[in-house]
Number of protein chains: 2
Amino acid sequence: MPHKQPPGRPIPDIVVGRLPFYLRTLRSLAAEGLEITSSSELGDRLGLTSAQIRKDLSYFGEFGKQGLGYNISFLIVQLRRILKVDRIWEVVLVGAGDLGRAIANYHGFHDRGFEIRFVFDSDPAKVRQSLSQYTIQDIASLVEKVRAAKIRVAMLAVPAAAAQNVSDLLVEAGVQAILNYAPTSLVVPKGVYVQNIDPGAHMQRMTFYLEA
Amino acid sequence: MPHKQPPGRPIPDIVVGRLPFYLRTLRSLAAEGLEITSSSELGDRLGLTSAQIRKDLSYFGEFGKQGLGYNISFLIVQLRRILKVDRIWEVVLVGAGDLGRAIANYHGFHDRGFEIRFVFDSDPAKVRQSLSQYTIQDIASLVEKVRAAKIRVAMLAVPAAAAQNVSDLLVEAGVQAILNYAPTSLVVPKGVYVQNIDPGAHMQRMTFYLEA
DNA sequence: CAGTGTGAAGAGGTTCACAGCG
DNA sequence: CGCTGTGAACCTCTTCACACTG
């Protein structure tokens, strides 16, 4: 019986959201020299129950061996395939402020399937300057260049006031996934995926639980 | 009958997680000069249903008027109180790399209830250098200084390999809430809250949905 | 016999739909 | 008459518990 790779049941988005953390954890187990793990070891590391991990993985196939556990490198290969990061996605970064600089200098994305191809900014003082290994380009040329390069993934690191405009440009250029660092809700057409990063929201979520 | 401020029913964490986004949206409505809004207007802006917003708010009190909607500035006051950001929390930032620099230079936290008080790093070349308005301090003095200043909230922007060690120091110093930018799971005692920011995980969550 | 994979049971979260009020 | 606040219905997600297997 073959793997049920294209699964019959629909996959909850919340499960998809956990897979990157499973992958991240498996990679550190591998880096520690381990070859085999179990749902309970993964659960301990992640603060989840073993049942949840087994159930999540079971949406995609049967990756473990009863009585033994999971082969770490095999499971890494499977998760990279499932998340479609068994390749490198070219990414466009918009915004060359402090945050854009931190993103451009951060070398942790490559390992996870992403490589910045272009950096754009609207500030004439920044255009043609270099940032990390990139030359900052004028946002006026974004649509043309991103479309020509068939880039489908973007990171948005501009001020909130500019975010919706830039998002519209990205969509026009054919981008289908946007990681939005601006603290504002983007409106995008169906078929475009947005993930928001809002550190201030995370902070406020924690202070709720602190005693006055 | 007074407000049911300390509610009888337990509040789901997922509801708490949405409140900062309600607050953020209300503030932009206020900035647009509006005085009144409705659960459906908020829902439209946030991509949620109006019923969800009414239900979420009802955990904390009755803030609206039937037939009319919500007074924006009143609701802002209430949400700031609920989230305990009707004050300024002093924050310790650990890590003065590119990301730490972007965080230190970002002035959007103050409006949301947070102010950086100290910046620490372990690199002797960085200690005593200035970063934004701060002087980078030796991490060896972290526990003493953070404890003396009674700081309860931290941002962790160090490499993954150092994150658990620094987290242990923060906990020892009395910190109760940690915003963790390192792509690793922290182990902390009960009563310490951790929120993780992992852009790579968000990216992988989106590529799952992209056609090959 | 340790640990997976999975139906079934149990919690938890969302949406419905309408009473009630301004 | 419009919009809130909320039980009840509905749906989704998590945990349980055990048959099964290397």
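Throughout, protein chains are lettered first and strands after them, A, B, ... in sequence-line order, and every chain is numbered starting at 1. Values in this document were obtained by computation on a predicted structure and should not be read as measured data.
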Exercise. Only counting residues at least two apart or in another chain, list the ones meeting salt bridge (Lys or Arg N to Asp or Glu O under 4.0 Å) with A:Asp198.
Key: B:Arg24, B:Arg112
Practice problem: Let me know the distance between CD1 of A:Ile53 and C1' of C:dT4, rounded to the nearest Å. | Solution: 13 Å
Exercise. State, yes or no, whether a side-chain contact exists between B:Leu23 and B:Ile76 at a heavy-atom distance under 4.5 Å.
Key: yes
Practice problem: If a pair satisfies side-chain hydrogen bond (donor to acceptor under 3.5 Å, both in side chains) and one of its residues is in residues 85-94 of chain A, list it, with sequence neighbours excluded. | Solution: A:Glu90-A:Arg117
Practice problem: Apply side chain to side chain contact (heavy atoms under 4.5 Å, CB included) to B:Ser38 and list each qualifying residue two or more places apart in sequence or on a separate chain. | Solution: B:Ser40, B:Glu41
Quiz item: Sequence neighbours excluded, which residues qualify as side chain to side chain contact (heavy atoms under 4.5 Å, CB included) partners of A:Glu35?
Solution: none
Please list, pair by pair, any protein nitrogen or oxygen found under 3.5 Å from a nitrogen or oxygen in nucleotides 10-13 of chain C.
none

Quiz item: Does B:Lys145 have any side chain to side chain contact (heavy atoms under 4.5 Å, CB included) partners at least two apart in sequence or in another chain, and if so, which?
Solution: B:Phe118, B:Phe120, B:Gln137, B:Ser141
Quiz item: Do we see a donor-acceptor contact under 3.5 Å between the side chains of A:Arg54 and A:Ser39?
Solution: yes
Exercise. Nearest whole angstrom, please: distance from the P of C:dT6 to the CZ of A:Phe60.
Key: 13 Å
Quiz item: What integer distance in Å separates A:Ile72:CD1 from C:dG3:P?
Solution: 14 Å
Self-check item: Set of residues satisfying salt bridge (Lys or Arg N to Asp or Glu O under 4.0 Å) with respect to A:Glu211, sequence neighbours excluded
Solution: none
Practice problem: Using the test side chain to side chain contact (heavy atoms under 4.5 Å, CB included), find all partners of B:Ile88 that sit at least two apart in sequence or belong to another chain. | Solution: B:His110, B:Glu115
Quiz prompt | Gap between atoms OH and P, on A:Tyr59 and C:dG7 respectively (whole Å) | solution = 11 Å
Quiz item: Does a nitrogen or oxygen in the side chain of B:Tyr70 sit under 4.0 Å from OP1 or OP2 of C:dG22?
Solution: no
Self-check item: Members of residues 25-48 of chain A that approach DNA chain C, where some heavy atom sits under 4.0 Å away
Solution: A:Ser38, A:Ser39
Quiz prompt | Sequence neighbours excluded - ring pair (Phe, Tyr, Trp, His ring centres under 6.0 Å) pairs with any residue from residues 171-212 of chain B | solution = A:Tyr193-B:Tyr209, A:Tyr209-B:Tyr193
Between protein and nucleotides 17-22 of chain D, what N or O pairs are separated by less than 3.5 Å?
from   : atom 1 : to      : atom 2 : distance (Å)
D:dA17 : N6     : A:Arg54 : NH2    : 3.4

Exercise. Let me know the distance between NZ of A:Lys55 and P of D:dT14, rounded to the nearest Å.
Key: 11 Å
Tell me which donor-acceptor pairs under 3.5 Å the side chains of residues 167-176 of chain A have, and how far apart each pair is, sequence neighbours excluded?
from     : atom 1 : to       : atom 2 : distance (Å)
A:Asp168 : OD1    : A:Gln164 : NE2    : 2.9
A:Gln176 : OE1    : A:Arg152 : NE     : 2.6
A:Gln176 : OE1    : A:Arg152 : NH2    : 3.2

